There are 2 protein chains.
Amino acid sequence: MNVDLSGMVIPADCCRPLDDDLTSDDTKATAALFKALADPTRVRIVSMLARSSEPACVCELTPALDLSQPTVSHHLKKLVQAGLLEREQRGVWAYYSLDRGALERAASVLDLKKVAV
Amino acid sequence: MNVDLSGMVIPADCCRPLDDDLTSDDTKATAALFKALADPTRVRIVSMLARSSEPACVCELTPALDLSQPTVSHHLKKLVQAGLLEREQRGVWAYYSLDRGALERAASVLDLKKVAV
DNA sequence: CCAAGAGATCGACAACCGTCGATGCCTGCC
DNA sequence: GGCAGGCATCGACGGTTGTCGATCTCTTGG
């Protein structure tokens, strides 16, 4: 260690090793979860489902989102694959609902209180 | 309303309107925040900074991430632009630290207790 | 003022993503 | 069984992203 003119402590050898005990799988899974939420349309879908206590079908979501039906189906599939939504077939209609536990788990990843400081 | 053979309640007119009182700016801003976290490398960076109480410089992060220096700089810039990291120049070194408030705000977006159910 | 070195920026390239129209599948009804 | 309609899948296309090597900038030490 030495001290520079401004009194700031600067390590003599700046590049000390930095550990990274998250596995590659961990980071990829976490990134995949956030990737599902990294689109304005999918944020809107999750927000609408969070606001309504009942599931919603594609024919309700499509006009509200002002997108083509294949595009809405595409986003819904992404959210289901990420584990954030659940799909339920009722007759001809496909109803989607929010998995609130999944959203809580996503929030807990960002909880700094779990990390030793 | 009518009831189908399995006793499941199905609205006669399935497609009731679905409201969406988030503005386009809201959803884009939220998506941008998650987009910053939607990459394994950036998850690793945030995780490493969350684990260490001190800021880290690029020359510490680069070998730990096993990526080229321009790539690491690129990811750091993305995280700063998202408001998740802060940059501080100390001599020749650039130190990055986590904005823990920003991470808390990100987590609060996922908090369902704020949403009327 | 010059040389050294840390880090940012640039340009390029491949991979990925959001969007659409067209089409296929599957369920309920006649 | 055949038709209608809700939804998923396909193929295509433009825009974005992650990565790198090369280069530029800026700070420090001599």
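The structure presented is a predicted model; accordingly, all values stated were derived computationally and were not measured. In what follows, chains are A, B, ... by sequence order, proteins preceding strands, each numbered from 1.
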Task: B/Arg87 vs B/Ser97 side-chain heavy atoms within contact, under 4.5 Å - done: no
Task: The single option from A/Gln81, A/His74, A/His75 passing side chain to side chain contact (heavy atoms under 4.5 Å, CB included) against A/Lys77 - done: A/Gln81
Open item on the list: As a test of reading the structure: which of D/dA22, C/dG7, D/dG6 is closest to the side chain of B/Pro70, going by heavy atoms?
Closed with: D/dA22
Task: Any B/Thr71 side-chain N or O less than 4.0 Å from OP1/OP2 of D/dC20 - done: yes
Task: Options C/dG7, D/dG6, D/dT19, nucleotide nearest the side-chain atoms of A/Val92 - done: D/dG6
Open item on the list: Let's see if you can work this out: which of D/dG6, C/dG7, C/dG21 has an atom nearest to the side-chain heavy atoms of A/Trp93?
Closed with: D/dG6
Open item on the list: Let me confirm one number: the CG-CG distance from B/Leu61 to B/Leu76, rounded to the nearest 0.5 Å.
Closed with: 6.0 Å
Task: Whichever of B/Thr41 and A/Val72 has its nearest DNA chain D nucleotide further upstream toward 5' - done: A/Val72
Open item on the list: Over all strands shown, is A/His75 touching base, sugar-phosphate only, or nothing at heavy-atom distances under 4.0 angstrom?
Closed with: sugar-phosphate
Open item on the list: Taking 4.0 Å as the cut-off, does a side-chain nitrogen or oxygen of B/Arg87 come that near to OP1 or OP2 on C/dA8?
Closed with: yes
Open item on the list: Measure CG/B/Leu76 against P/C/dG7 and give the value in whole Å, please.
Closed with: 10 Å
TODO: Classify the nucleic acid contact of B/Val58 as base, sugar-phosphate or nothing, counting any heavy atom under 4.0 Å across all strands shown.
DONE: sugar-phosphate
Task: Single-linkage hydrophobic cluster, 4.5 Å side-chain cutoff, B/Leu37 and A/Leu79 together - done: yes
TODO: Report the residue (A/Asp66 or A/Lys35) whose heavy-atom-nearest nucleotide on DNA chain C is the more 5′ of the two.
DONE: A/Lys35
Open item on the list: At less than 4.0 Å, is any side-chain N or O atom of A/Tyr96 found next to OP1 or OP2 of D/dA8? Yes or no.
Closed with: yes
Open item on the list: In this structure, how many angstroms lie between the C1' atom of C/dT27 and the OH atom of A/Tyr95, rounded?
Closed with: 14 Å
Open item on the list: So, OP1 or OP2 of C/dG18: does either fall under 4.0 Å of a side-chain N or O from A/Lys78?
Closed with: yes
Open item on the list: Please tell me if A/Arg42 has a side-chain N or O lying less than 4.0 Å from either OP1 or OP2 of C/dG18.
Closed with: yes
- [ ] Rounded off to whole Å, could you give me the CD1-to-P distance for the B/Ile45 and D/dG18 pair?
- [x] 11 Å
Task: Integer-rounded Å distance: C/dT9 C1' and B/Gln81 CD - done: 13 Å
- [ ] Using whole Å, report how far CG of A/Asp39 lies from C1' of D/dG15.
- [x] 13 Å
Open item on the list: Would a single hydrophobic cluster contain both A/Tyr96 and A/Leu98, if residues Ile, Leu, Val, Met, Phe, Trp and Tyr are joined by side-chain heavy-atom contacts under 4.5 Å?
Closed with: yes
Open item on the list: Looking at A/Gln69 and D/dA8, is any side-chain donor or acceptor paired with a base atom of the opposite kind under 3.5 Å?
Closed with: yes
Open item on the list: Whole angstroms only, please: what is the CD-C1' distance between B/Glu60 and C/dG7?
Closed with: 14 Å
- [ ] Using whole Å, report how far NE2 of B/His74 lies from P of D/dC24.
- [x] 22 Å
Task: Integer-rounded Å distance: D/dT16 C1' and B/Lys28 NZ - done: 15 Å
Task: Modelled atom types, side-chain donor and acceptor of B/Thr30 and B/Thr27, under 3.5 Å - done: no
Open item on the list: On the nucleotide D/dT9, are OP1 or OP2 found under 4.0 Å from the side-chain N or O atoms that A/Lys77 carries?
Closed with: yes
